[in-house]
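Shown next, in structure tokens, is the structure this report addresses.
Because the structure is a prediction, the values reported are computed rather than measured.
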Amino acid sequence: MRKFERGASAIRRHHFLKGAALSAAALIVSCQPLSAQDAAPPKAADAHLFAVSYGEALRPPKTSPRKITIPDAGDFKVLKGDFHIHTLFSDGLVMPKDRVNEAIDNGLDVIAITDHIEYRPNIGKDALKLAQSNDNHNASYTLAKAEADKKKLILVRGTEITKSVMPPGHFNALFITDANPIAAVVDDWKKMLEVATEQGGFVQWNHPGWVAPKSGGLSNGVPMSFTAAHEEALAKGHIHGIEVFNGTLLFPIVLDWCNTRDLAPTANSDIHASEWNAYGHQNPLRPMTLILASERTHDAVREAFFAKRTIGWAAGQIFGRQPWVEKLFRACVEIKAADTGLALRNLSDIPCVIEAGGKTAELPPQGTLTIPPAKKLTVANWFTATNQPLAIDL
């Protein structure tokens, strides 16, 4: 009986191995093209010498780029952008081309790569020919431009100025023509701002509530303030905007500064890691700046920045100056009379929290909401000043 069991087992093993070899032969993917005389399929006994592809089984499912629906606001197109992004050419962790593709995947229309001038720990001598001397501060823009043009993404030339102490802090120079002359005066942050503005650059004060970790971290327990140094730079025309939201941080007082000093608010990622590691895939809470531009072009975006037609959108909230926030809301939300009050329809992907008649309800993206009769409503998650939500007269 034991001999019979051993014999049957051996037979089963023989048939299994023969069948496996024949199956493998059917899945052969040759590494080299076959000549006519070699075109015959390999013998089953030789199947283990060939590669077998599992590409279809292991390939991740295809995903489409995020589509963000926002109607035109009157004569303006509402473009989506991120104007504070880092790559391996400073202290970021990805290549410039990757930032372009991440932006496309997130449904953005425009980005600015703003690698540091003074701090470039991740770029080595052998990184790329464009940066072998470690002094070409336009390298990340140059490397990203071809991919941006191919994908029809608007790419803004920019750089981050971080030489100054805290305060006055860090600044992004956007819409510049050449970062190298700015780097040439690296020991004088005021001169760097001057050179940037002489190039027609837009200067943005970054993360105003942040200080270097060695100085104590976030705000260092000191309230944010618009200092004498900022007032001086503003008077010279060397500051044009401020981040109201950076990465994961909100700076509420910034909206008041924008209102009183005629500055443009922005919301940006300041991303260093990959998009996947920073926010995940197509995160709807990810910060971005909305631009009310006359058309979808680089020059129209620049004109909108200097006209202060920018709005921050982050963490499900809107931050901006009242005229443009109201214009955006009226474009996004359709309001009609209904039998029981007012019928609201959200034409956009921006969420709204509506307060009217003493009640609060959510008007979700692409959703509808009926509210009691009212002459005024408040959009509780759209802000026009510190702790001041947007008020709409009906």
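Under the 4.5 Å side-chain heavy-atom criterion for Ile, Leu, Val, Met, Phe, Trp and Tyr, Ile182 and Val203 are members of the same hydrophobic cluster. Hydrophobic cluster membership is shared by Ile311 and Trp382, with clusters built from Ile, Leu, Val, Met, Phe, Trp and Tyr side chains linked at under 4.5 angstrom. Ile350 and Phe319 are assigned to two separate hydrophobic clusters, defined by single-linkage of ILVMFWY side chains at heavy-atom distances under 4.5 Å. Using a 4.5 Å cut-off between side-chain heavy atoms of Ile, Leu, Val, Met, Phe, Trp and Tyr, with links allowed through other members, Ile239 and Ile253 fall into the same hydrophobic cluster. Residue Val156 is not grouped with residue Leu108 when hydrophobic side chains (ILVMFWY) are merged at heavy-atom distances under 4.5 angstrom, including chains of intermediate members.
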Problem set entry | From CA spacing to verdict: side chain to side chain contact (heavy atoms under 4.5 Å, CB included), Ser294, Asp75 | CA-CA 7 Å; Ser294 59; Asp75 295 332; over 6 Å; no
For this session: Kindly indicate, with the supporting measurements, whether the criterion side chain to side chain contact (heavy atoms under 4.5 Å, CB included) is fulfilled by Trp205 and Glu243.
Result: CA-CA 6 Å; Trp205 179 13; Glu243 286 183 331; over 6 Å; no
For this session: I would like to know whether Asp299 and Thr297 meet side chain to side chain donor-acceptor pair (under 3.5 Å); could you show each step before the answer?
Result: CA-CA 5 Å; Asp299 290 347; Thr297 65; 5.9 Å; no
For this session: For Lys145 and Val100, run side chain to side chain contact (heavy atoms under 4.5 Å, CB included): C-alpha distance rounded to whole Å, both residues' side-chain angles, the deciding distance at 0.1 Å, then the answer.
Result: CA-CA 9 Å; Lys145 189 63 168 66; Val100 170; over 6 Å; no
Exercise. Going through the distances and angles, do Gln204 and Asn268 end up as a side chain to side chain contact (heavy atoms under 4.5 Å, CB included)?
Worked result: CA-CA 11 Å; Gln204 165 190 281; Asn268 302 302; 3.4 Å; yes
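A cation-pi geometry, defined here as NZ or CZ lying under 6.0 Å from the six-membered ring centre and within 45° of its normal, holds between Arg261 and Phe226.
When atom types are taken as modelled, the side chain of Tyr279 and the backbone of Gly247 share a donor-acceptor pair closer than 3.5 angstrom. A donor-acceptor contact shorter than 3.5 Å links the side chain of Asn283 to the backbone of Leu285. Checked by atom type and distance alone, the side chain of Asn138 pairs as donor or acceptor with a backbone atom of Ala179 at under 3.5 Å. Side chain of His230 to backbone of Pro168: a donor-acceptor contact under 3.5 angstrom is found. In terms of modelled atom types and a separation under 3.5 Å, the side chain of Arg66 and the main chain of Gly107 share no donor-acceptor contact.
Contact record, Leu155 with Ala148: CB-CB, 4.0 Å, taken as the closest heavy-atom pair. Taking all atoms of both residues into account, the shortest heavy-atom contact from Cys332 to Pro71 is SG-CD, 4.0 Å. The nearest pair of heavy atoms linking Asp72 to Ala331 is O-CB, 3.4 Å. Here the closest non-hydrogen pair linking Phe306 and Gly201 is CZ-O, 3.5 Å. Nearest heavy atoms, Val333 versus Cys352: CG2-SG, 4.0 Å. Contact between Gly316 and Pro351 at its shortest, heavy atoms only, is O-CG, 3.9 Å.
From Gln199, atom CD reaches atom CG of Leu174 across 12.0 Å, with rounding to the nearest 0.5 Å. One distance of note links CG of Leu263 with OG1 of Thr266; it measures 10.5 Å at 0.5 Å rounding. Going from atom CG of Asn172 over to atom CD of Glu160 covers 5.0 Å, rounded to the nearest 0.5 Å. Between the CG atom of Asn346 and the CD atom of Glu334 there is a distance of 10.5 Å, given to the nearest 0.5 Å. Interatomic distance, His238 NE2 to Lys191 NZ, rounded to the nearest 0.5 Å: 9.0 Å. Atom CZ of Arg321 is separated from atom OG1 of Thr310 by 8.5 Å, given to the nearest 0.5 angstrom.
For the pair Phe305 and Ile291, the minimum side-chain heavy-atom distance is below 4.5 Å. With contacts defined as side-chain heavy-atom distances shorter than 4.5 Å, the pair Gln282/Asp105 qualifies. Using a 4.5 Å heavy-atom threshold, the side chains of Leu377 and Ile335 count as touching. Ile318 places a side-chain heavy atom less than 4.5 Å from the side chain of Leu290. For the pair Lys151/Asn101, a side-chain contact is recorded, criterion being any heavy-atom separation below 4.5 Å from C-beta on. In this structure the side chain of Ser269 reaches within 4.5 angstrom of the side chain of Ile85, judged on heavy atoms. The side-chain heavy atoms of Ile271 and Arg99, taken from C-beta on, include a pair separated by under 4.5 Å. Side-chain contact between Val78 and Leu328 is present, with at least one heavy-atom pair separated by less than 4.5 Å.
Between His86 and His84, the distance separating the two ring centers is shorter than 6.0 angstrom. Ring centroid separation for the pair Phe251 and His207 does not come in under the 6.0 Å cut-off. Side-chain rings of Phe175 and His298 approach one another, their centers coming within less than 6.0 Å.
Each of Thr114, Asp98, Asp115 was compared with Thr87 under the side chain to side chain donor-acceptor pair (under 3.5 Å) criterion, and only Asp115 meets it.
Taking a cutoff of 4.0 Å between a charged side-chain nitrogen and a carboxylate oxygen, Lys80 and Asp349 do not qualify as a salt bridge. Between Lys152 and Asp109 there is no salt bridge, since none of the side-chain N atoms of the basic residue sits less than 4.0 Å from a carboxylate O of the acidic one. A salt bridge does not link Glu355 with Lys359: none of the charged nitrogens is closer than 4.0 Å to a carboxylate oxygen.
Aromatic ring orientation, Trp324 versus Phe76: perpendicular (interplanar angle above 60°, classes split at 30° and 60°).
Summarising the local packing, NZ of Lys308 is surrounded by more than 12 heavy atoms from other residues, nucleotides or ligands at distances under 6.0 Å. Atom CG of Asn387 has 12 or fewer neighbouring heavy atoms from other residues, nucleotides or ligands inside a 6.0 Å radius.
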